[in-house]
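Heavy-atom basis, side chains included; hydrogens, waters and symmetry copies ignored. Naming convention: chains lettered A, B, ... in sequence-line order (proteins, then strands); numbering from 1 in each chain.
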There are 2 protein chains.
Amino acid sequence: MVARVEKDVEPDGQTDEAQQAAKRRVALTRESILEAALRLCSPEGGGQLTFSRLGKELGADPTAVYRHFRDKDELVLALTDLTIQEGIDLARAALPDGPSDDWRAWLTVTSESVRASYLARPALAVLAAARTTASPAETHSVELLISVLHRAGLGVVEAAECYRSLLDLTLAMTQYTAAFSSLDPATQAKDEAAWAVKYATLPEEEFPLLHRSAPRLTELFRDDAEVFRMTLATFLDGVAARIERARQQRGASA
Amino acid sequence: MVARVEKDVEPDGQTDEAQQAAKRRVALTRESILEAALRLCSPEGGGQLTFSRLGKELGADPTAVYRHFRDKDELVLALTDLTIQEGIDLARAALPDGPSDDWRAWLTVTSESVRASYLARPALAVLAAARTTASPAETHSVELLISVLHRAGLGVVEAAECYRSLLDLTLAMTQYTAAFSSLDPATQAKDEAAWAVKYATLPEEEFPLLHRSAPRLTELFRDDAEVFRMTLATFLDGVAARIERARQQRGASA
DNA sequence: ACCTGAACACCGTTCAAGT
DNA sequence: ACCTGAACACCGTTCAAGT
């Protein structure tokens, strides 16, 4: 009976939200806000970052966040820093210390790690992939990537250009995938149905090649990860060709 | 004095909006709506597609559009069809009739044309690049692209995979650029400043390669078109390597 | 048959008022 | 010093009312 009056310890789950609010009301800090915001950006957290949801998650008035971040953009930038950092840590864990000579593995792991880190929070990927924060951790990572490409045989400037291409390719395709997966399910289904119907009803005489590759294309529609892997692999084949060309040029001039 | 009462013919520009409204009130059709919407999506038209702006542009109540399109998504999809169509027409004008043997020119022109067509309406690119409409014109274009790659030496399925990679690469990087250019100028400037400061103050001992390539990287920050060209070129180098490999395999098995 | 205008549930953001 | 809550200018969308 007493418990029923003291809502804070009410055990029956009826006032879940209020309980959470009470629990968290003490801890409205920059860190707790960022943590809650990251949760909201994930598919499990709803996949939408808004002030009202953030307020509810924190058990505070939505506008309380403005005491810690000047506006939504500043919040998004801070979240971007954390996500990039996580991607770099992920890559570092999968790679040997210091630069190795396997430039291809290095670039693949880095790219896939950044992608994975963003895709764990599609809502953030949509908002932030095109932004740059130039954080310290990122800078070290860039120097390392360029050094890997330089040691593989590319000139410094060409290595930097390659890094830039790879970064944009990765972030762009990640944002692209995140944007589609952030659409409401009905809209996604509409697009998918359009493709399926289309490919199923192609007259073979008019579209012989499309008809033969339709099963594979339909398969790829659902599998953004596979398309990304293919695209990245082809891009890196191109980088390999450039490295080969650079070596030959150096050989000719020597 | 009389003119002052009859607002419709007032010549002094004070009731510009009302005049436009009167002029266009007759022509609220699917076509006129699409035309106005495309105008709004362009940078000159404000670069934002909303019902209220659309209503103002048409001289009608914002909700009048709902008589011609079920919701915003249906409007966006119709605009996408027009934009893709324009991109294909653009490519066709720059390419010879029927498939040629210069697969590289074919792929480059097609990709750049679709990109240009979308970037003329960044607001649409942001909303629609990840969507698919599977329009008839698009289907023909896809069959042609696959045939170009197949004639170059790739197997049918591998050609289809290459087409898919190229399409995603193009649309993703286009959306990425459009997203950044759709940010308000102050935010864009913030990002740019972050980079510039960063690169200008890199200690040479700690970041020797980054220090040497900083001028080029700074240059590329402003020039999305150049980054796209570079990335596409490297990707196509990779496609060339795959074509070569496919030819060798056919030679070995023959 | 088509358009208008009030209404609703959301956005981000500001600001005076509370503690 | 930090939080609340009303308010504002926007979104997309619905629906009863007009013509």
note = Taken to the nearest whole Å, CZ/Phe69(A) to C1'/dC3(D) is 16 Å
side-chain hydrogen bond (donor to acceptor under 3.5 Å, both in side chains) against Arg216(A), all qualifying residues, sequence neighbours excluded = Glu219(A), Glu226(A), Glu161(B)
request  = Go through the structure and list residues passing salt bridge (charged side-chain N to carboxylate O under 4.0 Å, His left out) with Arg115(B), not counting sequence neighbours.
outcome  = none
ask   = Who pairs with Ser213(A) by side-chain hydrogen bond (donor to acceptor under 3.5 Å, both in side chains), at least two apart in sequence or on another chain?
value = none
message = When you measure from the side-chain N and O atoms of Arg53(B) to the phosphate of dC11(D), is any distance below 4.0 Å, counting only OP1 and OP2?
response = yes
ask   = In chain order, what residues pass the salt bridge (charged side-chain N to carboxylate O under 4.0 Å, His left out) check against Arg131(B), with sequence neighbours excluded?
value = Asp191(A), Asp73(B)
task = For Lys72(A), check side-chain hydrogen bond (donor to acceptor under 3.5 Å, both in side chains) against everything at least two apart and list the hits.
result = none
request  = Using both pair distances under 3.5 Å as the test, note the stems of at least 3 consecutive Watson-Crick or G-U pairs that include DNA chain C.
outcome  = C:4-8 with D:12-16, C:12-16 with D:4-8
Can you give me every donor-acceptor pair (side chain of residues 84-91 of chain B, partner residue at least two apart or in another chain, under 3.5 Å) with its distance?
{"unit_1": "Glu86(B)", "atom_1": "OE1", "unit_2": "Arg121(B)", "atom_2": "NH2", "d": "2.8"}
{"unit_1": "Glu86(B)", "atom_1": "OE2", "unit_2": "Ser117(B)", "atom_2": "OG", "d": "3.0"}
{"unit_1": "Glu86(B)", "atom_1": "OE2", "unit_2": "Arg121(B)", "atom_2": "NH1", "d": "3.4"}

message = Please determine whether side chain to side chain donor-acceptor pair (under 3.5 Å) holds for the pair Thr50(B) and Gln48(B), giving the CA-CA distance in whole Å, both sets of side-chain angles, and the decisive distance to 0.1 Å.
response = CA-CA 6 Å; Thr50(B) 71; Gln48(B) 285 190 56; over 6 Å; no
query = Listed by chain and number, what are the side-chain hydrogen bond (donor to acceptor under 3.5 Å, both in side chains) partners of Thr231(B), not counting sequence neighbours?
reply = Ser165(A)
request  = Round to the nearest Å and state the distance from Gln48(B) atom CD to dC11(C) atom P.
outcome  = 18 Å
task = Can you sort out which residues in residues 175-192 of chain A have a heavy atom within less than 4.0 Å of DNA chain C? Ascending by number, please.
result = none
key: Atom pair distance, as rounded to whole Å: NZ in Lys56(A) and P in dC10(C)   = 8 Å
task = Sorted by first residue and then second, give each ring-ring contact (aromatic ring centres under 6.0 Å, His included) pair with at least one member in residues 119-139 of chain A; sequence neighbours left out.
result = none
note = The contact string for nucleotides 12-19 of chain C, one letter per nucleotide 5' to 3', using protein heavy atoms under 4.0 Å with B, S and - for base, sugar-phosphate only and none, comes out as SBB-----
request  = Just grab all the ring-ring contact (aromatic ring centres under 6.0 Å, His included) pairs involving residues 49-74 of chain A, residues at least two apart or on different chains.
outcome  = Phe51(A)-Tyr66(A)
Euclidean distance, atom CG of residue Leu58(A) to atom P of dC2(D) [Å, nearest integer] = 16 Å
message = Quiz question: by atom type and distance under 3.5 Å, do the side chains of Thr170(B) and Ser111(B) form a donor-acceptor pair?
response = yes
